[in-house]
K.L.:
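Here it is: the structure, laid out below.
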Amino acid sequence: MSDPSRYQPQAIEANWQRAWQEQGLHDTPELEPGEQGFYALSMFPYPSGNLHMGHVRNYVITDVVARVQRLRGRKVLHPMGWDAFGLPAENAAIERGVDPGVWTDQNIASMRRQLDQLGLSIDWQREVATCHSDYYRWTQWLFLQFFEAGLAYRKEATVNWDPIDQTVLANEQVDGDGRSWRSGALVEKRKLRQWFLKITDYAQALLDDLDGLEGWPERVRTMQANWIGRSTGAELQFAVVNDDGTDTGEQITVFTTRPDTIFGATYVVLAPEHALVPSLTGAPQRLAVEAFCDLVSRQSEQDRTAEDKPKRGVPIGAQVRNPANGALMPIWIADYVLADYGTGAVMGVPAHDQRDFLFARQYELPVQQVIIPEGSDEHAFEGGAWTEAGVLIHSGRFDGLTTTKAKAAITAAAEAEGWGRERVQFRLRDWLISRQRYWGCPIPVIHCDSCGAVPVPTEQLPVELPRDVAFTGKGASPLAQLESWVQVACPCCGKPARRETDTMDTFMCSSWYFLRYSDPTNNQLPFSRDAVDSWLPVDQYVGGIEHAILHLLYSRFFTKVLRDRQLLSCGEPFTKLLTQGMVQGVTYKNPHTGKYIPPSEVADADDPRDPVSGEPLETFFEKMSKSKYNGVDPAQVIDRYGADTARMFILFKAPPEKDLEWDDADVEGQFRFLQRIWRLVDTALERGLTLADGAGSAAAVRAALAAAGADNLPPEDADLRRAVHTAIAAISEDLDGDYQFNTAVSELMKLSNAMAPLLADCHPVFAAEALRTLVVLLAPFAPHLAEELWQKLGGRTSGDSLNATSVHRQRWPEADGSALVRDTVPLVIQIK
RNA sequence: GGGAGCGUGCCGGAAUUGGUAGACGGACUCGACUCAAAAUCGAGCGCCUUCGGGCAUGUGGGUUCGAGUCCCACCGCUCCCACCA
């Protein structure tokens, strides 16, 4: 600590963090009317209490973006907050009896301390926490906006029930294996009355506007488009007929994307949950049908939808007439037809649909081919469905039409004759927002026997979460068990009524937090229109790929609804999106026992062996997690090497969007690089160089240039100028394009390597300017070190014309060498 | 099954977008300094070589004066969606 010539980050970083804080260097500047600010945003964390490397990577990336923009002279908004509702707090309450609010606030405080050590340029005055009532009252207010717009409604629905967490999950929270995204439990089905938001009303707009999101990764746009899942087809009606061939008056409506194959339909299948199933089932079939429906309802989503499962079904004893050719065909129910997609009914065309084919073969239903390959008069139909396009046969007046033409012609005929119409179908379902949990934002509704579901008047917001609750972890939510809170007078008629006891999906809270940052202390509105319009849309959003669908889609939906409610102007919230890769750690696993072994128990990293059995271990990189013992604690890295090394390493090690393999040896190498820069500056100081030799005087630079002759410099001077110029161009390009921080850091390292041997021999003016450029370029990546070096070089006391109190007031060099001007002082690097 | 993407040294990754492949870093080897170690500094580091060079970017073709980059086929890997009618 006493040796001033050694780079000791621990000795300088906290000081600079304090200095920035005291100077308010990262406070958000006021924007002039019409002025364009820059909004740099990280996805806010859940306050688990522990900062992990994934957080560090996320926030460091955003911080570099913010710092570069500030150096370029932009006014920057760079906020942070807490996605603070959610199950872990409630689980802590159940397991350890701590109050979820207290637990969460403690975690926020501790994570805030850890974040501060990273030297992030965050404006903490705009901090928000979704669990504080000055935030969630506006979440409730926004819910009422949806309600008023007819976009929030209640319906009884079959929902995903998580038997461990005792709550309902949205479709999106059930993973591909039919398990809860959080507890991992196999999801069951239940019927409950739930609140939904009508995101399907915006399906088309959400899809259309994806095209304009050029600053988003292609794959995220594709994932969203697939999730929305638009398909065009037709809705066709099949009349139910009695045994004697007369119509019963009932209709079965099916949705199909292949109306051209209707002449090949040989049966109709309903989902077991279809509303007409009970009434259409014949007496002899009733027992079988009920047994089958019961079986299906007990199946998990996984069993039901696994593609390799045999398709099962039963006939219900009724029949329909094919509207195209009048043929009578049986009605079946089957597990492969889903109640909540399309109309919950399909026409079975075994010849041209693989699922129908398998089903028909299993139950010996007739197969009628109606499409043949174009240009062939023979049937290409062999033992599997023919799903390609072709030409129609056995289709009456439509014979000979191609698939494409037949789709249009048959749909048109159906429309003209009244048995169908064109129909666009989305895969996207309405968003189920009800959660039977305590630690969430209460839904501001009161249920009254006479008035129905009544919104809580806005002046009564917030509906506060009661704090004196018992957590048993069993049965209904603690809210529903708290009669003193539930019983309330109806705002309409004043009669006794009951509060809604469901809380909102936490995705509700995170769908608008980026708007609140623009005006975080407003207590009249969630945000003023002026404030939100002056900062939104977010210029650069940074976060994990795991939010590619849910959070980003919901946020886009919110933004569009609020725009349509005249609360803001933009239709898309995030102009550019960067999805950073995971941080992976070295993982040791015993391939026989399947157990993960902590690295501390592995004696020899080159020949890892199980400490108990001595068996050789597998070594690989995997996403850091507690259960795999492969995590690296950011605090320990910072204690040892400092925040600047951690920042540089994480930026350098891999391109931001790719997975990053954490390697302690590499961190060491990064630290040594910063040490070399430190020594470089020390060497310059020993020679008596300061920034005053260069930038302090425009005249000095011009005089030096004139003396040397611009095209006739001594080789060292020319080499140095070239090295600096090249680095500036490369770094600017890396940062402007796709944020290739890894190569930008490389260029910086190359520059400092190239500089070291040249500084001793070149003109002091050039040497000083080159050093100044190096330090400024370093500033976004290793801000503490850059500040310290700037000060050591006399950047604050040299009579510098900017009188900079901080290197952050220095202008970032422009990509073309000629523009390397800091106010009136030309930088040396003007000639190639 | 549908979609997106990727394949370059021992490793992470570069390559001015069609122009000297392997930047920068790690690991490794040798040397200097040291009683020694660490740190630091210097050198080497794709493969083969008769030291002239030759061969190398998953495999096989193609376009081009020129291909890691563009086109076709194949092999392998990753991610997302998936009985969505």
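In this text, all values refer to a predicted model and were calculated from it rather than measured experimentally. Order of the sequence lines sets the chain letters (A, B, ...), proteins ahead of strands, with each chain counted from 1.
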K.L.:
From the list B:rG12, B:rC83, B:rA23, which nucleotide is the closest neighbour of the side chain of A:Glu661?
P.N.:
B:rG12
K.L.:
Can you confirm whether the side chains of A:Glu657 and A:Tyr739 place a donor and an acceptor under 3.5 Å from each other?
P.N.:
no
K.L.:
Hey, do the aromatic rings of A:Tyr363 and A:Tyr267 have their centres closer than 6.0 Å?
P.N.:
no
K.L.:
To the nearest Å, give me how far apart CD (A:Glu657) and P (B:rG12) are.
P.N.:
16 Å
K.L.:
Is there a side-chain contact between A:Arg355 and the phosphate of B:rC84, meaning an N or O under 4.0 Å from OP1 or OP2?
P.N.:
yes
K.L.:
Indicate syn or anti for B:rG12, taking the glycosidic torsion and treating anything within 90° of 0 as syn.
P.N.:
anti
K.L.:
Can you confirm whether or not the ring centre of A:Phe671 sits under 6.0 Å from the ring centre of A:Tyr7?
P.N.:
yes
K.L.:
Roughly, in whole Å, what's the span from CZ in A:Arg423 to P in B:rC84?
P.N.:
16 Å
K.L.:
CG/A:Leu210 to OG1/A:Thr222 distance, rounded to the nearest 0.5 angstrom?
P.N.:
9.0 Å
K.L.:
Before we go on, tell me: are the rings of A:Trp431 and A:Phe507 under 6.0 Å apart, centre to centre?
P.N.:
no
K.L.:
Quick check for you: among B:rC80, B:rG3, B:rU40, whose closest atom lies nearest to any side-chain atom of A:Gln675?
P.N.:
B:rU40
K.L.:
Could you measure between the two P atoms, the one in B:rC70 and the one in B:rA15, and give it in whole Å?
P.N.:
14 Å
K.L.:
Do the side-chain N or O atoms of A:Arg221 get closer than 4.0 angstrom to the phosphate oxygens (OP1, OP2) of B:rA4?
P.N.:
no
K.L.:
Round to a whole Å and report the spacing from CD of A:Glu747 to P of B:rG25.
P.N.:
11 Å
K.L.:
Is B:rU17 in the syn or the anti form, by the rule that syn lies within 90° of 0?
P.N.:
syn
K.L.:
Over 60° means perpendicular and under 30° means parallel, so classify the ring planes of A:His551 and A:His547, tilted if in between.
P.N.:
perpendicular
K.L.:
Please determine whether a side-chain nitrogen of the Lys or Arg among A:Lys653 and A:Asp666 lies less than 4.0 Å from a carboxylate oxygen of the Asp or Glu.
P.N.:
yes
K.L.:
Rounded to whole angstrom, note down the P distance from B:rA27 over to B:rG42.
P.N.:
16 Å
K.L.:
Just to be sure I understand: a Watson-Crick pair is purine N1 to pyrimidine N3 plus N6-O4 or O6-N4, both under 3.5 Å. Using that and G-U wobbles, which stems of three or more pairs involve RNA chain B?
P.N.:
B:1-7 with B:75-81, B:10-12 with B:24-26, B:28-32 with B:40-44, B:46-48 with B:53-55, B:58-62 with B:70-74
K.L.:
Establish, with yes or no, whether the OP1 or OP2 oxygen of B:rC41 is under 4.0 angstrom from a side-chain nitrogen or oxygen of A:Arg679.
P.N.:
yes
K.L.:
Output the rounded distance in Å from CD (A:Gln740) to C1' (B:rU17).
P.N.:
13 Å
K.L.:
Taking the C1' atom in each of B:rG54 and B:rC10, what is the distance between them to the nearest angstrom?
P.N.:
24 Å
K.L.:
Heavy atoms under 4.0 Å, any strand shown: does A:Pro217 hit a base, just sugar-phosphate, or nothing?
P.N.:
nothing
K.L.:
From the list B:rG25, B:rA14, B:rC84, which nucleotide is the closest neighbour of the side chain of A:Asn753?
P.N.:
B:rG25
K.L.:
Which residue lies toward the 5' end of RNA chain B, A:Asp666 or A:Lys653, if each is placed at its nearest nucleotide?
P.N.:
A:Lys653
K.L.:
Please give the distance between the C1' atoms of B:rC47 and B:rA37 as a whole number of Å.
P.N.:
36 Å
K.L.:
Given B:rA85, B:rC80, B:rU40, which nucleotide is nearest the side-chain atoms of A:Tyr341?
P.N.:
B:rA85
K.L.:
Whole angstrom is fine here: how far is it from CG in A:Leu210 over to C1' in B:rG3?
P.N.:
14 Å
K.L.:
Does A:Asn742 make a side-chain N or O approach to OP1 or OP2 of B:rC24 shorter than 4.0 Å?
P.N.:
no
K.L.:
For B:rU78 and B:rU16, measure between their C1' atoms and round to the nearest Å.
P.N.:
29 Å
K.L.:
Does B:rA85 have its OP1 or OP2 closer than 4.0 Å to a side-chain nitrogen or oxygen of A:Ser231?
P.N.:
yes
K.L.:
Measure the distance from NZ on A:Lys750 to P on B:rG13 and round it to the nearest whole Å.
P.N.:
17 Å
K.L.:
Would you say a side-chain N or O of A:Arg258 is under 4.0 Å from OP1 or OP2 of B:rA85?
P.N.:
no
K.L.:
Say we look at B:rG26 and B:rG44: how far apart would their P atoms be, to the nearest angstrom?
P.N.:
15 Å
K.L.:
What's the gap between B:rA32 and B:rG66 when it is taken at their C1' atoms, as a whole Å value?
P.N.:
45 Å
K.L.:
Does A:Arg676 have a side-chain nitrogen or oxygen under 4.0 Å from the phosphate oxygens OP1 or OP2 of B:rU40?
P.N.:
no
K.L.:
Take a 6.0 Å sphere around CZ of A:Arg427 and say whether it holds more than 12 heavy atoms from other residues, nucleotides or ligands.
P.N.:
yes
K.L.:
What nucleotide, of B:rC83, B:rC80, B:rC41, holds the atom closest to the side chain of A:Met223?
P.N.:
B:rC80
K.L.:
Please examine the side chains of A:Pro323 and A:Ile262, heavy atoms only from C-beta on, and report whether any two atoms are closer than 4.5 Å.
P.N.:
yes
K.L.:
With a 3.5 Å cut-off and just heavy-atom distances, do the side chain of A:Arg219 and the base of B:rC6 make a donor-acceptor pair?
P.N.:
no
K.L.:
For B:rG9, is chi within 90° of 0 (syn) or not (anti)?
P.N.:
syn
K.L.:
Checking contacts here: which listed nucleotide (B:rC24, B:rC84, B:rG3) is nearest the side-chain heavy atoms of A:Ser746?
P.N.:
B:rC24
K.L.:
Any idea which of B:rA85, B:rC83, B:rA82 is nearest the A:Lys311 side chain?
P.N.:
B:rC83
K.L.:
Of the nucleotides B:rA85, B:rC83, B:rG3, which has the atom closest to the A:Val346 side chain?
P.N.:
B:rA85
K.L.:
Please state the C1' separation for the pair B:rC84 and B:rC80 - nearest whole angstrom.
P.N.:
16 Å
K.L.:
Report the residue (A:Lys658 or A:Asp663) whose heavy-atom-nearest nucleotide on RNA chain B is the more 5′ of the two.
P.N.:
A:Lys658
K.L.:
For A:Arg676, is the CZ atom crowded, meaning more than 12 foreign heavy atoms sit under 6.0 Å from it?
P.N.:
yes
